[in-house]
There are 2 protein chains.
Amino acid sequence: MITNKNCIIRLSRYKNALYRLQALGFVKVFSDNLADAVGVTASQVRKDFSIFGISGNKKGGYQIDLLLEKLNSILGKDQLQKVIVIGAGHIGSALMRYRGFEKEGIKIIAGFDIDPAKINRSNVIPVLPLDEAKGFIKAQGIKIAILAVPDIAAQEVSEEISAAGIKGILNFAPLRLKDIEGCVINNVNLEIELENLIYFVNVAQKLK
Amino acid sequence: MITNKNCIIRLSRYKNALYRLQALGFVKVFSDNLADAVGVTASQVRKDFSIFGISGNKKGGYQIDLLLEKLNSILGKDQLQKVIVIGAGHIGSALMRYRGFEKEGIKIIAGFDIDPAKINRSNVIPVLPLDEAKGFIKAQGIKIAILAVPDIAAQEVSEEISAAGIKGILNFAPLRLKDIEGCVINNVNLEIELENLIYFVNVAQKLK
DNA sequence: ATCATATTGTTCCGTTTTTCACAATAACAT
DNA sequence: ATGTTATTGTGAAAAACGGAACAATATGAT
């Protein structure tokens with residue numbers, strides 16, 4: 001079974017590129033077209049496909065619609081993914097308002113916050129009290145949560161929601177969460193991303 | 001010269017862990033303490049340090065304050081980093097309000113948007129018209145930009161700002177920007193992060 | 001002063017990941 | 001029908017990466 005995160009990220013990128021190509025009217029695609037679009041080598045594209053048993057046609061490339069079907073199936077996009085957001089601060093509420101997830105079949109169906117002032121049950125995406133999260137997760141069978149709470153709270157909250165049934169957490173809190181059995185954690189750390197950028201910009205400057 | 005992004009990310013994590021240890025009163029640290037804090041092996045810690053010529057003391061470990069000094073210097077944190085945000089939509093304005101960057105020595109000094117309704121010159125972090133960005137970047141010598149514009153605009157805007165002097169872009173638009181000579185691009189793609197999480201959650205389920 | 005011990009720094013080794021290279025072959029041209 | 005060509009699929013080579021192991025050595029104990 002595939003455990004290589006980068007490989008799966010590439011599949012997502014292929015998929016996105018394929019939609020763009022499709023929108024431009026293309027029906028088939030060659031490995032080197034996709035490679036250019038995504039910024040990898042053509043070999044890499046073919047090998048990634050081969051890992052997942054995706055095959056094309058000698059001299060004919062890959063048929064975009066079939067390819068998308070397979071990629072979408074691998075990526076779990078053949079069903080709507082219901083997601084909750086924990087923490088309705090700046091980042092959390094921006095994510096709730098962000099429309100970009102919908103076209104990816106990802107739907108944020110509720111937010112949760114500990115602050116009573118943030119509660120809003122009548123909103124399109126309601127913001128509910130944090131202590132209702134556990135029941136909500138169980139009742140709705142939610143598997144994925146976006147964690148956007150202050151770092152001090154992140155560890156405790158992550159353990160609670162995973163105990164309630166969350167299997168995957170996208171963590172925005174700028175600290176490393178302790179591994180949780182049966183729960184996958186992906187970190188988005190904007191400070192570190194910026195630091196990283198700053199480093200490579202500085203290095204590039206020094207090279208000159 | 002180091003081109004391994006993961007290695008630099010680890011340096012950031014070491015740094016963050018060191019601040020936490022320092023806050024707890026620790027003065028020195030051993031490679032295995034840091035390893036535990038960050039979730040890597042002790043060998044990895046020592047090797048990372050060795051790459052950057054950071055040395056500790058046999059049997060004495062590393063002195064936290066000196067270590068932090070070196071890491072901060074490597075990561076370019078010995079000077080305030082002025083950053084601008086392009087695009088004052090949901091994500092862009094959340095980032096402008098986000099306080100987490102300040103303690104990292106990263107200061108967002110202005111936002112830019114093409115929509116006149118978003119302009120606000122009197123704000124603490126002013127939001128200025130997009131067509132002032134070029135002049136602003138040059139006048140202030142800005143090197144780093146956070147790009148949070150709709151995907152359709154991302155490519156064009158990225159080329160404009162890099163022509164004006166931007167050397168690093170943290171791109172939130174969900175598409176791959178064409179490589180730009182002399183400009184480093186890091187992508188933060190939330191859709192892909194979620195997709196990735198969904199994939200691994202599904203895989204974990206199937207394994208049972 | 002000598003010895004024992006803990007920890008670094010680095011070399012070596014195994015694994016993973018990427019790239020290269022080319023045989024297989026389907027499509028097309030003649 | 002035959003030959004040519006373009007592109008895939010994959011096996012082998014190379015590179016990158018991380019982990020284990022251990023020699024070197026500073027510190028502290030006796």
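Residue numbers begin at 1 in each chain, while the letters A, B, ... track the order of the sequences.
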Practice item. Mind checking A/T41 for me? I need base, sugar-phosphate or nothing, with any heavy atom below 4.0 Å counting as a touch. Key: sugar-phosphate
**Study point:** Flag, side chain of A/E160 to backbone of A/K134, donor-acceptor distance under 3.5 Å
**Key:** no
Point to revise | Whole angstrom value for the distance that separates C1' of D/dA16 from CG of B/D48 | key: 14 Å
Check your understanding: Between C/dT25 atom C1' and A/K58 atom NZ, what is the distance in whole Å?
Key -> 5 Å
Check your understanding: CG of B/L67 versus P of C/dG9: gap in Å, rounded?
Key -> 10 Å
Review point. When you check the phosphate oxygens OP1 and OP2 of C/dT10, does a side-chain N or O of B/S50 lie under 4.0 Å from one of them?
Key: yes
Exercise for review: Could you give me the CA-CA distance, side-chain angles and deciding distance for B/K5 and A/E193, then say whether salt bridge (Lys or Arg N to Asp or Glu O under 4.0 Å) is met?
Suggested key: CA-CA 10 Å; B/K5 184 173 171 182; A/E193 288 293 333; 3.5 Å; yes
Point to revise | Base of C/dT5 paired with side chain of B/K59 (donor-acceptor, under 3.5 Å) | key: yes
Point to revise | Integer-rounded Å distance: D/dG18 P and B/D32 CG | key: 19 Å
Check your understanding: If only side-chain N and O atoms of A/N4 are considered, is one of them under 4.0 Å from the OP1 or OP2 phosphate oxygen of C/dT17?
Key -> yes
Review point. How many Å lie between CZ on B/F30 and P on D/dT27, as a whole number?
Key: 12 Å
Review point. Between B/S158 and B/I185, does a side-chain contact (heavy atoms from CB on, under 4.5 Å) hold up when you go through it step by step?
Key: CA-CA 10 Å; B/S158 68; B/I185 297 170; 5.7 Å; no
Practice item. Tell me which nucleotide among D/dA20, C/dG9, C/dT19 gets nearest to the side chain of B/S43. Key: D/dA20
Exercise for review: Take atom CD of B/Q63 and atom C1' of D/dT27, then tell me their distance rounded to the nearest Å.
Suggested key: 15 Å
Exercise for review: Evaluate the side-chain contact (heavy atoms from CB on, under 4.5 Å) criterion for residues A/V27 and A/I64: first the C-alpha distance (whole Å), next the side-chain angles of each, then the deciding distance (0.1 Å), finally the verdict.
Suggested key: CA-CA 6 Å; A/V27 170; A/I64 292 181; 5.9 Å; no
Check your understanding: Checking all strands, does B/Y62 fall into the base, sugar-phosphate, or nothing category for heavy-atom contacts under 4.0 angstrom?
Key -> sugar-phosphate
Review point. More than 12 non-hydrogen atoms from neighbouring residues, nucleotides or ligands closer than 6.0 Å to CD1 on A/I152, yes or no?
Key: no
Review point. Distance check: side-chain N/O of A/Q44 vs OP1/OP2 of C/dT19, anything under 4.0 Å?
Key: yes
Point to revise | 5' precedence on DNA chain C between B/S55 and A/K5 (nearest-nucleotide basis) | key: B/S55
Practice item. Measure from CZ on A/R46 to C1' on D/dA6 and round the result to the nearest Å. Key: 11 Å
Check your understanding: Just how far, in rounded Å, is P of C/dG9 from CZ of B/F49?
Key -> 9 Å
